[in-house]
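Structure record follows, encoded as structure tokens.
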Protein chains: 2
Amino acid sequence: MAASIEDVARRAGVSIATVSRALRGLPDVATATRDRVLAAAAELDYVASPFAARLASGRTNTVGLVVPFISRWYFGEVIDAVETTLRMAGFDLLLYNLGDEAGRARFFERMPMRKRVDAVLIASLVLAENEIDALLTLGCPLGSLGLEHDNFLSTSIDDAAGARVAAQHLLALGHRRIATIGGDPDDPMRITPPLRRREGFRSALREAGIEPDPQLEQLGYFTLAGGLEACDRLLALPERPTAIFAESDEMAFGAIRSLRLHGLRVPEDVALIGFDDHVTAEVLDLSTIRQPVPAQAHDITTRLLAAVEAGDDEPPTVDVVLPTELVVRGSTDPSRSVYQS
Amino acid sequence: MAASIEDVARRAGVSIATVSRALRGLPDVATATRDRVLAAAAELDYVASPFAARLASGRTNTVGLVVPFISRWYFGEVIDAVETTLRMAGFDLLLYNLGDEAGRARFFERMPMRKRVDAVLIASLVLAENEIDALLTLGCPLGSLGLEHDNFLSTSIDDAAGARVAAQHLLALGHRRIATIGGDPDDPMRITPPLRRREGFRSALREAGIEPDPQLEQLGYFTLAGGLEACDRLLALPERPTAIFAESDEMAFGAIRSLRLHGLRVPEDVALIGFDDHVTAEVLDLSTIRQPVPAQAHDITTRLLAAVEAGDDEPPTVDVVLPTELVVRGSTDPSRSVYQS
DNA sequence: CTGTTAGCGCTTTCAA
DNA sequence: TTGAAAGCGCTAACAG
């Protein structure tokens, strides 16, 4: 069997209490004693049993991360960054994937993280009242990525502002008939961006004296295939748009494909801008609104850990908003285009 | 504070041992007693403390999943499927992302899963001797996804056979000058597919009496951008290939982009086939070799859990190989093409 | 079928 | 600065 704290204590000639203190770097341990303990632990290849430690201390050293999906670009980036940040802080990551409505309902009903995490991070979910209540019963710091919630720490971008910038970029290029491909605000999974990006887009048009045309707002469901179909519908209109704002790069990729299949050139026939700055956007020469996903994930995770460290079970709501950035590439600017005509 | 087992025992008028048995569904509990316990637990909204249970039983009800990357299609699918399977079995998922060589070295040195998992699943990694030894010290069932290892349960596909089928498909279409875009067999991260897919590709050519031409084998590093550049290099050859086999769909997507930028038609000028059947392959009308990622992940996870359940710390090596399937789309078959010419 | 009693391997007072 | 001892909240014999 693996060595226990008693083995180390015996070997170092001290009590188990001293071993515990020495190994955790607590003060009030003589340097010589600490060295002896460290040496003994190293020789025995000792690691503390996390479960015993958790039971005794009440701290789990684990953070729960809740995502609606795993296999989408944004969430992959989030999981990656959160995992890295937690790992460096010596925390474990407990991952919960909602998957669909049924999974979401089951999750909030059973609250499977009860008694097993020090903090919870929710990624890009618009939470209902009862869902928030369920999380609050956990009695630990709560974090939200992508939008604010009362009683949550949050880190996000200004989706509306980003969408405005995208629309304004197209307007500045002289476009007046601008379409958007977006998520479904009524999607039962209620993920964050749809509502706000749509809103920002519309406000930019209105400021330019253009009344948003419902026909020019198509649903792409945040998938490539959805973006393709939405673009097909736009191109089937009697008067097609001269520019398209896709509320995510993945939908923009689908739009590129659709435009190609229709024999239309980008940006000469139709200009296109996305949102996210997906790794693939550069390759496809897609203009976009860049959002810093790893930075957001790192920021919220770090602050959540700080709250745990401070023993602050209900930290005051603090919302951090990170900037987005317009990235102009060939899909809107012909002078930069690497597309074939 | 949350209710403990004693609260439930008191409320149900039984001992804590009975509560434990009743709640875990053990036999030898009178139905009436069980009902009373269940009712009391429900009223108190009781859930057992996993840490106390783990400490007492020695079982962690947790499986460690080790992946080299998170933000790649294959691994996203794997994480998703493993998480779902574990969740349904009441197990927690502990996710470890290697990220790069340094992270990989750190992982195998510290073995951060020691004393915290009942089984370990390694995704698509070619393990070195010392890495295998490190894992064996965990003394729990080990699983490998994507290739076999001694002393591991494994589930994979026959990468070589899949690649052969891809090459044979191109040969059957009359192509003789066939290129491949693959991973780097010398990649320090040593992920699985590169070696075998390359091998299968070459053997198919040889059987057709064609000696593989090193110039026609380019590295795409399993990324879209890498695939694009590899394809650029192929098209820059004095005599360009008439068909390309990309060892992953993501690299094939890059190749599609490259071909487009060169003004070449698919499949008229250059035929293209990928490997994986990425969700996007259908949208891009890409022929490919379909591999069942969720099924593989589910199979290995289920068998790993069975070994845990059986208390079988060193289950005999059993390698399951799931079939791949040729999916013909427009990128190789002009008659099915939806591409613009 | 049910209760009693030891632990599981740590952390954390409290004394010394 | 260190040690003794009392738990943390369960599970698992062992009796009865």
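- Of the candidates C:dG3, C:dC10, D:dC10, C:dG3 carries the atom nearest the B:Thr18 side chain, counting heavy atoms from C-beta on.
- Between the P atom of C:dG9 and the CZ atom of B:Arg116 lies a distance of 15 Å, rounded to the nearest Å.
- Between B:Tyr46 and the phosphate of D:dC10, there is a side-chain N or O to OP1/OP2 separation shorter than 4.0 Å.
- Residue B:Arg21 is in base contact, counting any heavy-atom pair closer than 4.0 Å across all strands shown.
- Between the P atom of C:dG9 and the CG atom of A:Leu44 lies a distance of 15 Å, rounded to the nearest Å.
- Comparing D:dA12, C:dT11, C:dC1 by their nearest atom to the side chain of A:Ile5 picks out C:dT11.
- With distances taken from any side-chain atom of A:Ala52 to the nucleotides D:dC10, C:dT11, C:dG9, the minimum falls on C:dG9.
- Cation-pi geometry between A:Arg72 and A:Phe69 is met: the NZ or CZ atom falls under 6.0 Å from the ring centre, inside 45° of the normal.
- Salt-bridge check for A:Arg190 with A:Glu131: passed, with a basic side-chain N closer than 4.0 Å to an acidic carboxylate O.
- Counting non-hydrogen atoms of other residues, nucleotides and ligands closer than 6.0 Å to CD of B:Glu43 gives a total above 12.
- Taking for each of A:Ile16 and B:Thr31 the nucleotide of DNA chain C with the nearest heavy atom, the 5'-most of the two is the partner of B:Thr31.
- Between B:Thr33 and C:dT2 there is a side-chain N or O to OP1 or OP2 distance below 4.0 Å.
- For the pair A:Ser15 and D:dA4, the criterion of a side-chain N or O lying under 4.0 Å from OP1 or OP2 is not met.
- Distances shown here put every side-chain N or O of B:Arg54 at or beyond 4.0 Å from the OP1 or OP2 atom of D:dC10.
- Taking CG from B:Leu125 and NE2 from B:His149, the interatomic distance works out to 7.5 Å, rounded to the nearest 0.5 Å.
- Rounded to an integer number of Å, the gap from A:Arg59 CZ to C:dC10 P is 17 Å.
- The shortest distance between the side-chain N/O atoms of B:Lys115 and the OP1/OP2 oxygens of C:dC10 is below 4.0 Å.
- Distances were taken from every side-chain heavy atom of A:Val29 (C-beta onward) to each of D:dC8, D:dT11, D:dT2; the shortest belongs to D:dT2.
- Between the CG atom of B:Leu23 and the P atom of C:dT2 there is a distance of 14 Å, given to the nearest Å.
- Contact check on B:Arg303 versus B:Asp299 returns a salt bridge, with a Lys/Arg side-chain nitrogen under 4.0 Å from an Asp/Glu carboxylate oxygen.
- Rounded to whole Å, the distance from CD on B:Glu6 to C1' on D:dC10 is 10 Å.
- Remark: B:Arg24 is in phosphate contact with D:dA12, judged by side-chain N or O atoms under 4.0 Å from OP1 or OP2.
- Between the P atom of C:dG3 and the CZ atom of B:Arg36 lies a distance of 8 Å, rounded to the nearest Å.
- The backbone N or O of A:Met111 sits nowhere less than 3.5 Å from a side-chain atom of A:Arg106 that would complete a donor-acceptor pair.
- Rounding to whole angstrom units, CG of residue B:Leu26 and P of D:dA13 are separated by 12 Å.
- As a whole-Å value, the separation of B:Leu55 CG from D:dG9 C1' is 9 Å.
- In this structure, the nucleotide among C:dT11, D:dT1, C:dT2 sitting nearest to the side chain of A:Ala30 is D:dT1.
- Using a 4.0 Å heavy-atom cutoff across all strands shown, A:Ala17 reaches at least one base atom of the nucleic acid.
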